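Data first, discussion second: the structure below is written as structure tokens.
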Amino acid sequence: MARTSRLAECATAVNKTNLGRRLLMLTCMKPRLLRLQKSTNDSAWGMGVGLAKCTVKGMVEREYSGGKPVHRVTMKEILSTHFFHSFDFCKDDIERRPSENLGQVLFGERIETSPYKFSFKKEEKCHKLCTKTYVNGKTEDKDMLDFLKRGMQLNYQHHWIVDNMPVTWCYDVEDSQKYCNPGFPIGCLVTIDGRVKDACVINSEFNKKNTFYIFNHVDIKITYHNGEGEGWSGARLVAATLEPKSINNADADKPTCEGPPMEVPGVFTSDVKITYTYSVTFQENNAIKWASRWDYILVSMPHTNIQWFSIMNSLVIVLFLSGMVAMIMLRTLHKDIARYNQVDQEDAQEESGWKQVHGDVFRPPRKGMLLSVFLGQGTQIFIMTFITLFLACLGFLSPANRGALMTCSVVLWVLLGTPAGYVSARLYKTFGGEKWKTNVLLTALLCPGIVFADFFLMNLILWVEGSSAAIPFGTLVAILALWFGISVPLTFIGAYFGFKKPAIEQPVRTNQIPRQIPEQSFFTKPIPGIVMGGILPFGCIFIQLFFILNSIWSHQMYYMFGFLFLVFIILLITCSEATILLCYFHLCAEDYHWWWRSFLTSGFTAAYLFVYAFHYFFSKLQIVGAASTILYFGYTSIMVLIFFLFTGEWTGNTA
């Protein structure tokens with residue numbers, strides 16, 4: 001029970017501080033985390049000849065025969081501002097880097113080969129990798145050891161990949177639950193006052209004050225599914241787990257992987273030798289199928305009940321709004337129209353409310369150019385989001401396809417320039433605008449330019465800090481080529497067809513003289529109405545938003561795209577109904593300035609998103625450092641802008 005309690009405490013510490021305070025915290029502050037991966041030129045973990053079959057996850061089954069060499073285990077240093085070798089771990093003899101897709105590059109996933117090598121069904125016992133010696137008095141060794149200790153103090157994490165599967169560290173937590181963490185810390189710390197931090201709670205021997213304990217040994221267990229008797233030969237990897245250990249080998253040349261923990265004193269007063277070793281075992285388990293091999297990781301994440309609560313919460317909001325809209329449409333509005341269309345006009349009551357502004361309701365809005373640009377860009381983002389989530393629901397963009405989600409989003413955005421140009425041009429023409437060249441250029445360059453400028457500034461900080469997640473200059477050039485070479489021309493094509501079409505014909509004629517708007521009550525004024533309009537849509541998504549932010553900043557797997565797509569649909573319905581309600585109330589107050597208000601009512605949900613991200617920053621991540629803070633809020637601003645355009649466009653077009 002004591003060990004279970006300590007592991008439960010460790011799980012809480014890992015979940016809370018795993019991606020919390022970091023050396024510079026650059027990687028957890030943005031979608032593309034500062035991370036280092038080590039991998040091979042292909043994604044296989046073994047060299048076998050077998051039949052490749054497509055699966056729901058969009059991956060390929062790989063079958064291996066005994067004795068074939070297994071490709072190197074991949075390693076990925078998460079939330080680090082430097083490359084993996086900066087920590088002075090053992091290096092591979094021949095370092096290779098595979099080709100990476102656009103999504104992996106944008107997320108900062110650098111994959112390289114690792115020194116951990118083993119062959120299928122060939123078990124290893126206490127295999128030595130290398131020994132690192134730090135000599136007291138040498139400045140270079142002191143700096144390297146200080147950097148390693150700093151990484152342990154800030155709970156840096158190893159992440160390994162084998163056959164495109166994360167190698168997980170599974171341990172028991174409270175209520176007899178097992179949690180599988182796709183990573184393990186490089187070490188832990190007992191502070192000067194004897195406080196045990198992070199993973200040091202798993203071992204009672206980690207108790208010496210002002211001492212670091214490095215995990216220099218791992219016991220790796222590979223679980224495979226044997227194909228004998230099932231019509232195919234070889235085997236398929238279905239699970240990869242490990243247990244990190246800290247061992248001080250008495251003989252560095254002939255390690256036995258037994259002994260007391262490997263202590264690294266807080267004060268460097270004598271030479272330090274660290275021997276890195278590993279053991280490998282293989283276990284056959286035919287009960288686990290290849291197609292469901294991710295289940296043991298995903299099931300250990302106890303979020304399903306919370307997800308259903310989120311859905312029910314959102315549905316209650318939708319039902320409430322639907323009832324309000326139905327009441328207005330079927331009762332109030334129906335009676336108003338019936339009374340307004342009475343044959344005997346002498347018996348009709350004097351016009352009031354929304355009927356008095358029918359001659360002004362379609363008057364072009366102020367700043368119509370900017371509104372049309374926002375609506376065009378929002379249309380592009382909306383279609384991109386819908387298609388991406390739909391494909392993710394079908395399993396094409398699962399976590400197994402690394403970088404696929406980001407790659408799909410970027411490619412779709414580039415190819416959807418035509419709808420953006422068409423919607424913007426058509427609406428601008430309806431508003432009576434004549435500066436069509438300015439409209440097209442703003443549609444193609446304004447919002448993407450803001451995003452790229454923010455993105456470039458954040459990447460510049462990563463370059464200055466020497467981060468491994470800084471996007472190479474060639475990739476930035478490629479992004480600019482996609483933007484100006486494909487997206488901008490497509491936007492011009494869409495705008496051409498939009499301007500060729502006749503302006504949208506309004507159902508009523510607009511009066512030449514604008515009607516004076518009467519004094520408004522507090523709740524029908526623009527700002528209070530807009531602020532209230534974003535509350536209900538945000539209430540539909542805030543629970544799901546927590547898991548999304550965990551996935552982005554805390555490197556937790558996000559796989560519940562079915563829930564996300566359902567919440568996406570509920571969000572659309574909620575935004576539409578909230579906007580219809582508020583626009584109706586404003587028109588009843590004889591305020592006909594509804595164009596911008598309909599856009600900003602649901603678009604203000606993005607402001608609540610920013611407030612929630614602000615709360616998440618201080619309550620969950622516990623980040624310190626100016627660079628980390630700038631990166632976090634810089635990338636959060638990009639998300640807020642995209643969400644603002646998406647929600648505003650949907651309700652603007654709906655209204």
Side-chain angles (χ1 to χ4, degrees), residues 314-342 348-368 371 374-375 378 427 431 506-508 510-511 514-541 570-609 644 646-655:
S314 303
L315 287 176
V316 169
I317 295 176
V318 168
L319 290 176
F320 169 74
L321 288 175
S322 298
M324 292 287 290
V325 172
M327 181 184 67
I328 290 175
M329 293 298 180
L330 300 180
R331 185 178 178 180
T332 310
L333 193 60
H334 177 73
K335 289 183 178 180
D336 286 345
I337 294 176
R339 191 183 309 114
Y340 185 68
N341 292 329
Q342 285 181 11
Q349 298 179 1
E350 183 181 356
E351 292 182 353
S352 62
W354 61 270
K355 297 181 292 297
Q356 294 193 12
V357 297
H358 70 275
D360 297 274
V361 72
F362 290 109
R363 188 176 302 281
R366 292 188 289 266
K367 305 294 182 182
L371 179 61
F374 281 173
L375 290 172
L427 286 173
F431 294 157
Q506 309 297 357
V508 295
T510 301
N511 296 334
R515 177 185 176 84
Q516 184 177 1
I517 299 175
E519 184 71 21
Q520 299 292 302
S521 65
F522 175 79
F523 292 104
T524 57
K525 290 181 179 179
I527 294 180
I530 291 171
V531 171
M532 290 187 298
I535 295 177
L536 291 178
F538 178 76
C540 294
I541 65 169
I570 293 175
L571 174 65
L572 296 182
I573 298 173
T574 307
C575 288
S576 301
E577 293 180 341
T579 302
I580 291 172
L581 278 174
L582 291 175
C583 280
Y584 175 77
F585 293 147
H586 295 147
L587 291 175
C588 287
E590 301 181 21
D591 184 353
Y592 52 83
H593 294 311
W594 66 274
W595 287 99
W596 272 108
R597 187 171 293 180
S598 65
F599 182 89
L600 296 174
T601 295
S602 292
F604 198 79
T605 308
Y608 292 106
L609 188 153
F644 168 73
F646 157 66
T647 52
E649 178 277 335
W650 173 254
T651 54
N653 286 335
T654 301

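Here the structure is a predicted model, which is why all the values come from computation and not from measurement.
What you find for Gly648 and Leu375 is that their closest heavy atoms are O-CD2, 4.3 Å. The shortest heavy-atom contact between Pro526 and Arg597 is CG-NH2, 2.9 Å.
The neighbour count for Ile527 CD1, taken as heavy atoms of other residues, nucleotides or ligands under 6.0 Å away, does not exceed 12.
Residue Cys575 forms a side-chain contact (heavy atoms from CB on, under 4.5 Å) with just one option from Leu572, Ile573, Leu571, and that option is Leu571.
Taken from CG in Leu536 to CD in Glu577, the straight-line distance is 10.0 Å, to the nearest 0.5 Å. One distance of note links CG of Leu582 with OG of Ser602; it measures 8.5 Å at 0.5 Å rounding. Going from atom CD1 of Ile530 over to atom OG1 of Thr605 covers 11.5 Å, rounded to the nearest 0.5 Å. Atom CZ of residue Phe431 and atom CG of residue Leu427 lie 5.0 Å apart, to the nearest 0.5 angstrom. Distance CD/Glu649 to CG/Leu371: 11.0 Å, rounded to 0.5 Å. Rounding to the nearest 0.5 Å places CD1 of Ile570 at 11.5 Å from CD1 of Ile541.
Taking the side chain as every heavy atom from C-beta outward, Leu600 and Phe644 approach each other to under 4.5 Å.
Using a distance-only test at 3.5 Å, with no hydrogens or angles considered, no donor-acceptor pair links the side chain of Trp594 to the main chain of Leu587. Between the side chain of Trp595 and the backbone N or O of Arg366, no donor-acceptor pair lies under 3.5 Å.
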* To do: Would you please test Thr579 and Thr601 for side-chain hydrogen bond (donor to acceptor under 3.5 Å, both in side chains) and show each step?
  => CA-CA 6 Å; Thr579 302; Thr601 295; 5.2 Å; no
* To do: For the pair Asp591 and Phe585, evaluate side-chain contact (heavy atoms from CB on, under 4.5 Å) and give the outcome as yes or no after the intermediate values.
  => CA-CA 9 Å; Asp591 184 353; Phe585 293 147; over 6 Å; no
